There are 2 protein chains.
Amino acid sequence: MAKMEIDAIFAFAKTKLEQFGCDEANAAATARTMTTAERDGSHSHGLFRMAGYVKSLKSGRVNGKALPKITIAAPSILRVDGDEGFAPLALEMMREPLIEMTRAQGIAMCGITRTHHFAALWPEVEMLADAGLVAMATTQAMPYVAPAGGREALFGTNPQAFAWPRPGKPPLAFDQASSTMARGDVMIHRRDGQPVPMGVGIDKDGNDTTDPAAILDGGVQLAFGGYKGSAIALMVELLSSSLIGERSSAEAKAAHNGDGGPPIGGEFVMAIDPALASGGDAWAAHGDAILTKIENMDGARLPGARRHINRAKSGPVEVSDKVLEEIAAL
Amino acid sequence: MAKMEIDAIFAFAKTKLEQFGCDEANAAATARTMTTAERDGSHSHGLFRMAGYVKSLKSGRVNGKALPKITIAAPSILRVDGDEGFAPLALEMMREPLIEMTRAQGIAMCGITRTHHFAALWPEVEMLADAGLVAMATTQAMPYVAPAGGREALFGTNPQAFAWPRPGKPPLAFDQASSTMARGDVMIHRRDGQPVPMGVGIDKDGNDTTDPAAILDGGVQLAFGGYKGSAIALMVELLSSSLIGERSSAEAKAAHNGDGGPPIGGEFVMAIDPALASGGDAWAAHGDAILTKIENMDGARLPGARRHINRAKSGPVEVSDKVLEEIAAL
């Protein structure tokens, strides 16, 4: 493990992205996304993603000089055309207009299209919660997950993120795949020769299995919590594609050249001003009381709490040597 | 089993509610809610609920002559003060203003407070989808469910409903508790001496159990799908109470007199115009293609499909003799 300062991770990532064709704005936004992931201990969304980003630049599939364009589609709807770039710049550009619209309208949404999303969703919902707004975000992916009872991959791992502001404290923020296990984790289990728990996926004949290779090679992943998680995956698929005029997970796969980088796709982001929705300021203490009960309950913890603990630490973070070697070899 | 025509169920329910103190408007709306549940085969939300409705009228806790008041809280937020009545009249009154606001603004929400909700959520999201809108609804309840890892009941069974319009077909609509099993089903398992599956709840010592009595007597229910379902339950709790200025599940319990009727509480309802969000009409065929793939996939089915099959049947429906006897005895 190498130790790297946060600023050094950012500079390293930005330089690499520029080297492979990103302009300054796209390189900086994408590097910031990887850097915040490393800072919060989400290494699977940190420099680990660099190889994929670079491969999709090298194959010419992603526009490293994308200029996202924001339009007002309705009084409470923004649309961002991502110009076939990576998602982070589109998300950063959306932040202020969406906050402003939500404060004026009470609730607002943004449909982000023609971007390549390869990161967690908590950065976008947390940045809205930091502005005092309640936020939700969803994105589709590539078809990896079968609907409950079925055997064919139809949904992406389709994450849903939600954030709730806690004035004076880090916001509550969860960000969870609607698959039982993240795809990267299934791959890591295969690499390490470890079985996965039952419920993660089925093999090519539709049988339950704990063999990650059987799931990845012709099998399919399952949604968390049976038919209820499958319904969530379906909702995420519709919100992140049909609703905003983007490709479904299946269509994103068809548009992919297999270079190992992120698929093209869309993101649904929604924000609500809790002061306007509740008609006052009592919402903050009321919500905080519910969250504090969980923090104080034996055995329970708030979703996302580990990220905020990691964030509060100062100093350098550990970065995998293997990841650095892979980046050096690009 | 008695056979009753749909119209007869409505007339019977409305008369009973009027007999125990509802005015015509509240009796009709509440009877319609029970009638649509019977029509769709959701008997647990049909006449089965009459005894609870009546008990809460008899104890004086619910206002049978409630006059819900609708206000515009922000350009895209409605608020409905339910005047401490049953929820159905407030929901019916909200329908047209929310549809109108959503079509004008693109996205809109409604916070419904001071109502007593004792029904499914799919009627409210389906009525919005029937108008061509995408809809989501959540409500809190009484504290029955522990956060993942904890042993104390904090969340209600906290359902989330979602509907997606399919022009020319019944909408997709799911409506699911964030607990593994609905509370009524745990009670029915106890009554019938049947074990529940592992994961439904824990006993008073925090041990996993399949004994419904051990869950109901001092134990606690669990969320579906482990910590991910628990995060959904938390989101539902915050949206349905703190966000809209209503009581949490714990506060709703504290305000309850134990008469067996529905708790007081709130509901979060949100609607989006897919034509405005997607910038055209392609959303309908695009979403329908995803849904059709599930309908045609071996072993899979769309959430809520059974309800629409039941609805398509004409003629009388079967009503439990026991339920009718219980109503006659009120």
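Because the structure is a prediction, the values reported are computed rather than measured. Letters A, B, ... are given to chains in the order of the sequence lines, protein chains preceding strands, and every chain is numbered from 1.
- By the ring-ring contact (aromatic ring centres under 6.0 Å, His included) test, F268(A) pairs with no residue at all, sequence neighbours left out.
- One finds no salt bridge joining E267(B) and R79(B) here, because no Lys/Arg side-chain nitrogen approaches an Asp/Glu carboxylate oxygen to under 4.0 Å.
- Between the side chains of S249(B) and E237(B), at least one donor N or O sits under 3.5 Å from an acceptor N or O.
- For A250(B), the part lying under 4.5 angstrom from a heavy atom of chain A is the side chain only.
- Listed options A74(B), S278(B), G245(B), G225(B) were ranked by heavy-atom pairs under 4.5 angstrom with chain A; first place goes to S278(B).
- Salt-bridge check for R114(A) with D81(A): passed, with a basic side-chain N closer than 4.0 Å to an acidic carboxylate O.
- Looking at A148(B), the atoms closer than 4.5 Å to chain A (heavy atoms on both sides) all sit in the backbone: N, CA, C or O.
- Of all the heavy atoms in A90(A) and V80(A), the pair that sits closest is CB-CG1, 3.9 Å.
- When heavy atoms are compared at a cutoff of 4.5 Å, L154(B) approaches chain A solely by way of its side chain, counted from C-beta outward.
- H308(A) and E126(A) are linked by a side-chain donor-acceptor pair at a separation below 3.5 angstrom, with hydrogens and angles left out of the test.
- Most heavy-atom pairs under 4.5 Å with chain A, from the set G299(B), A108(B), S76(B): that is S76(B).
- Looking only at heavy-atom pairs under 4.5 Å with chain A, the residue among A277(B), G106(B), A300(B) that has the most is A277(B).
- Only the backbone of A104(B) has a heavy atom closer than 4.5 Å to any heavy atom of chain A.
- Between chain A and the residues D288(B), L302(B), T113(B), D298(B), the largest count of heavy-atom pairs under 4.5 Å involves D298(B).
- With respect to chain B, the highest number of heavy-atom pairs below 4.5 Å among L238(A), T180(A), L276(A) belongs to L238(A).
- Along residues 226-236 of chain A, the residues that come nearer than 4.5 angstrom to chain B, judged on non-hydrogen atoms, are Y227(A), K228(A), G229(A), A231(A), I232(A), L234(A), M235(A) in order of number.
- In terms of modelled atom types and a separation under 3.5 Å, the side chain of N158(A) and the main chain of S178(A) share no donor-acceptor contact.
- Each ring-ring contact (aromatic ring centres under 6.0 Å, His included) pair with one or both residues in residues 152-173 of chain A, not counting sequence neighbours, appears once here: F162(A)-F174(A), W164(A)-W283(A).
- For the set A223(B), A282(B), S248(B), G111(B), the entry with the most heavy-atom pairs within less than 4.5 Å of chain A is S248(B).
- Counting all heavy atoms, side chain and backbone alike, L121(A) lies closest to D175(A) at N-OD2, 2.8 Å.
- Only the backbone of E246(B) comes within less than 4.5 Å of a heavy atom in chain A; its side chain stays farther off.
- Close approach to chain A, defined as a heavy atom under 4.5 Å from one of its heavy atoms, is seen in P147(B) of residues 137-147 of chain B, taken by number.
- Of the atoms belonging to P303(B), it is side-chain heavy atoms, and not backbone ones, that fall under 4.5 Å from chain A.
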